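As the structure is a prediction and not an experimental result, all values here were calculated from the model. All values below were derived from every heavy atom in this structure, side-chain atoms included, with hydrogens, water molecules and symmetry-related copies excluded. So that the names make sense, note that chain A is the first sequence line, chain B the second, and so on, each numbered from 1.
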Number of protein chains: 2
Amino acid sequence: MTDTLTGGKFQKLNRAPAYQAVSQKIRSAILNGELKAGELLPTEMDLAEQFGVTRTTIREAIRLLEYGGLIGRADRKRLVVCLPSKESASNSLSTAMLMHEVTFKELWQIANGLEPLAAGLACDSMTTELKEKLAANLERTGAAKSDTKELLEAEIEFHNLIAQAAHNNALLMAREPLNQLFYPAFKAVIERMHPGGRILDCHTRMFEAICKGDKKTAEEWMQKHMADFERGIKMAGLDFNGPIDHQNL
Amino acid sequence: MTDTLTGGKFQKLNRAPAYQAVSQKIRSAILNGELKAGELLPTEMDLAEQFGVTRTTIREAIRLLEYGGLIGRADRKRLVVCLPSKESASNSLSTAMLMHEVTFKELWQIANGLEPLAAGLACDSMTTELKEKLAANLERTGAAKSDTKELLEAEIEFHNLIAQAAHNNALLMAREPLNQLFYPAFKAVIERMHPGGRILDCHTRMFEAICKGDKKTAEEWMQKHMADFERGIKMAGLDFNGPIDHQNL
DNA sequence: TATTGACATATTGTCTGACAATGTGTCAAT
DNA sequence: ATTGACACATTGTCAGACAATATGTCAATA
C-alpha cells in the first residue's frame, strides 16, 4: 500500500485562503496582547487597507473568530476584542461531544471526577463571601419546595458556587460543557423527584463539611450526591448508557 | 438605580444579522442529523437561493461554523459537514483558558483529577489491542533514552493511550485542552530531566496494575506520576502559580 | 440646565456583479 | 490505462454600491 513514487518526497503545500491567514494574524495579535480584551477592533476598512485585501475578506476572517468568542459586538456596531465567556468557550466542545454521541455514563464519569474535586478544593480556599452565597442558596433550595423550575436553578447554582469556591478558573471552565450537556437531564431528574428529597440534605452536609474544611467528608457527600443523580437519570427513564439529547442547541 | 421608566416593560429586541441566523439554521440542521457528517454541503449559490440571501451572507455564515470544526473542506473546494476532531473542539476552550491566564496549578489540579480517573476506568475496560499498544509504548519510552523529543512524544502517547483504554470519548475530549496547554511545560520538564528517571518505572507499574485490573494501584501510580510532574515543573524553573504561556497558538 | 430635534458622519450589514483559480467530468488520442 | 484538451461548476477574491444604525455636534426649547 506504500506507493513510494507518488507518496513520498513532497508534502502537500498548503495555500490557505486569505481569510484564514488574516484570521490567524488577528488571533495572534489578541493572544500576544497587542490587542487587549475590551479594546475596539479597527474598522473593517482599516483592516482591509492594513492587510491589503477587501472588506469582504476581512469580514469572513472576523466571522471565523466571532464564533470562538474572541470577538464580540460592543453595541451592535463596532466590534470589540473579548475575553471569551466560559459558555462560549465550551460551546464547541459541547457540540463536539453531542455529535460524537457521548453517553450519559461517560459524562457522569467525568462529573464524578470533577465535582468531588471541586468540593475538596473548596475546603482549602473558602471565603466568607461564598459561604454567604452558599447559605443563601441552601435557603433558596429549601424554599423552592415543589417548584421544580426554581429547584433546578438552585441545584445548578449550588454546584457552580462550589466550583467557584474551589478558586480554580480552569475547573470552572472545564465544568461548563457538563453543565450545558446535562441540563436537560437535570431537568428531567428534578421534575420527577419527590419534593423534599435528599437534595437539600446532601447540600447542607456538604456545606457544613466545607465550612469546617473537612475535605474527606465534603468529597464523600458530593459522591453520594452524584450517585443520587445517576439513580435519578435511570429512574427518569433516560438511558444511562445511551447518547444524550441536544435540546439545548 | 432602578429607573422604572426606561428600564422596565420592554426587553431589548434582538435583530441579529442575517448571517448569524443562517449560521444557526445550518448548525441546527447538522445537530438534527438533517445534514450528516461526511455529507457535502449544498453549494453557496444553492444555499443563497434557499435562504433568500446573497452568497456573501452565506459565506459569512459558513465561516462562523468553520472555526468550530462543524464544517471543513473536503478537497479544497466543496465544503463538507464534519465530526469535529477533539483538537478543533477544544481549541476555543484552550484559548479561553489562556486568555483568562489560568495557572499551571489550576490546570494541574484538573489533570490530577482526570488522569487517575482515566487510569482507574482503564482497569475496567482494557482490551488486548490497547495492551499491545501500551506495551509498545513502554518499549518506545525505554528506547528513547536521552532523546528528549522522542521521550516527550512517547510520554504524551502513553497518557493518551490510558485515556483511550478508559473507553470514554467524553473524557478523551475533555482531556484535550490539558494536552494543548501543558505541551510546552511537558517539553520543558522532560528536557531537564535526568535520563532513565522515574518515568519508565511509573509507566510500567501503572501498566501492570491496569492489566491486573488493580484499580487502586493504578490510580496511586498515576498520582505519583502527577506529583513528579508538579516537581518537574518547579524544577524546570516554571512558575507553578503563574499563568501558562501560549507558544502553541 | 437638561432635554429634544436636526443634521452630517462613520461603520456595519447586505446586495450586485464580476473575474481568477481550481477541481470535476467527458471524450478523443495515444 | 494514461494523457491531453476542453467545458463546466464551485470557491476565493475583488470592486462598488446602498440601507440601517450609532456617534457627535449644535441650535432650539422647556
Side-chain angles (χ1 to χ4, degrees), chain A residues 1 3-7 10-27 35 38-67 69-82, chain B residues 1 3-7 10-27 30 35 38-82:
Chain A
M1 230 29 185
D3 50 336
T4 52
L5 284 178
T6 63
F10 294 114
Q11 41 180 327
K12 224 179 280 181
L13 51 82
N14 72 330
R15 314 221 308 104
Y19 67 83
Q20 287 183 3
V22 170
S23 161
Q24 267 300 104
K25 293 277 185 189
I26 297 180
R27 183 185 148 90
L35 287 171
E39 251 179 79
L40 287 177
L41 272 182
T43 64
E44 297 174 351
M45 285 256 292
D46 259 9
L47 290 171
E49 279 185 35
Q50 290 186 43
F51 284 107
V53 295
T54 334
R55 206 157 71 89
T56 312
T57 305
I58 294 293
R59 285 177 63 83
E60 292 192 27
I62 289 177
R63 289 322 146 235
L64 218 46
L65 298 178
E66 189 174 336
Y67 184 82
L70 263 78
I71 286 179
R73 48 205 71 251
D75 42 29
R76 151 162 239 78
K77 280 258 182 294
R78 298 299 298 275
L79 294 174
V80 291
V81 180
C82 291
Chain B
M1 227 30 182
D3 49 337
T4 51
L5 285 177
T6 63
F10 293 113
Q11 43 180 326
K12 223 181 282 181
L13 53 81
N14 73 332
R15 315 223 305 105
Y19 66 84
Q20 287 183 2
V22 171
S23 161
Q24 266 302 101
K25 292 278 185 190
I26 297 180
R27 184 185 146 90
I30 293 179
L35 287 172
E39 251 179 79
L40 287 177
L41 272 181
T43 65
E44 297 175 351
M45 285 258 291
D46 259 10
L47 290 171
E49 279 184 36
Q50 290 186 42
F51 284 107
V53 295
T54 335
R55 205 156 71 90
T56 314
T57 305
I58 294 294
R59 286 177 62 83
E60 292 193 26
I62 289 178
R63 288 322 146 233
L64 218 47
L65 298 178
E66 190 173 336
Y67 184 83
L70 262 78
I71 286 178
R73 50 204 68 250
D75 42 30
R76 155 162 229 74
K77 280 263 184 284
R78 296 299 299 273
L79 293 176
V80 62
V81 180
C82 292

At less than 4.0 Å, is any side-chain N or O atom of [X] found next to OP1 or OP2 of [N]? Yes or no.
| X | N | result |
| --- | --- | --- |
| Arg59(A) | dT12(C) | no |
| Arg15(A) | dA20(C) | no |
| Thr57(B) | dC15(C) | yes |
| Tyr19(A) | dG12(D) | yes |

field: Glu66(A)/Arg73(A) salt bridge by N-O under 4.0 Å criterion
entry: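 Counted as a salt bridge, because a side-chain N and a carboxylate O are separated by less than 4.0 Å.
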
Starting at atom [atom1] of [X], determine the distance to atom [atom2] of [N], rounded to an integer number of angstrom.
| X | N | atom1 | atom2 | result |
| --- | --- | --- | --- | --- |
| Arg73(B) | dT22(C) | CZ | P | 14 Å |
| Arg78(A) | dA20(D) | CZ | C1' | 17 Å |
| Leu40(B) | dT24(C) | CG | C1' | 12 Å |

Using nucleotides 16-19 of chain D, report all nitrogen or oxygen pairs with the protein that are shorter than 3.5 Å.
residue : atom : partner  : partner atom : Å
dA17(D) : N6   : Arg55(A) : NH2          : 3.3

Pair Glu60(B), Gln20(B): side-chain N/O donor-acceptor within cut-off below 3.5 Å: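 Per modelled atom types, Glu60(B) and Gln20(B) side chains form no pair under 3.5 Å.
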
- prompt: How far does CD of Glu44(A) sit from OG1 of Thr56(A), to the nearest 0.5 angstrom?
  reply: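 Nearest 0.5 Å value for the CD-OG1 distance: 9.5 Å.
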
- prompt: So which nucleotide does dA2(C) pair with, by the Watson-Crick or G-U wobble rule with both distances under 3.5 Å?
  reply: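 Base partner found: dT29(D).
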
message: Heavy atoms only, 4.0 Å cut-off, all strands: where does Thr43(A) land among base, sugar-phosphate and nothing?
response: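 Touches sugar-phosphate only.
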
- prompt: Out of Leu41(A), Leu65(A), Thr43(A), which one pairs with Leu79(A) under the side chain to side chain contact (heavy atoms under 4.5 Å, CB included) rule?
  reply: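 Output: one option passes, namely Leu41(A).
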
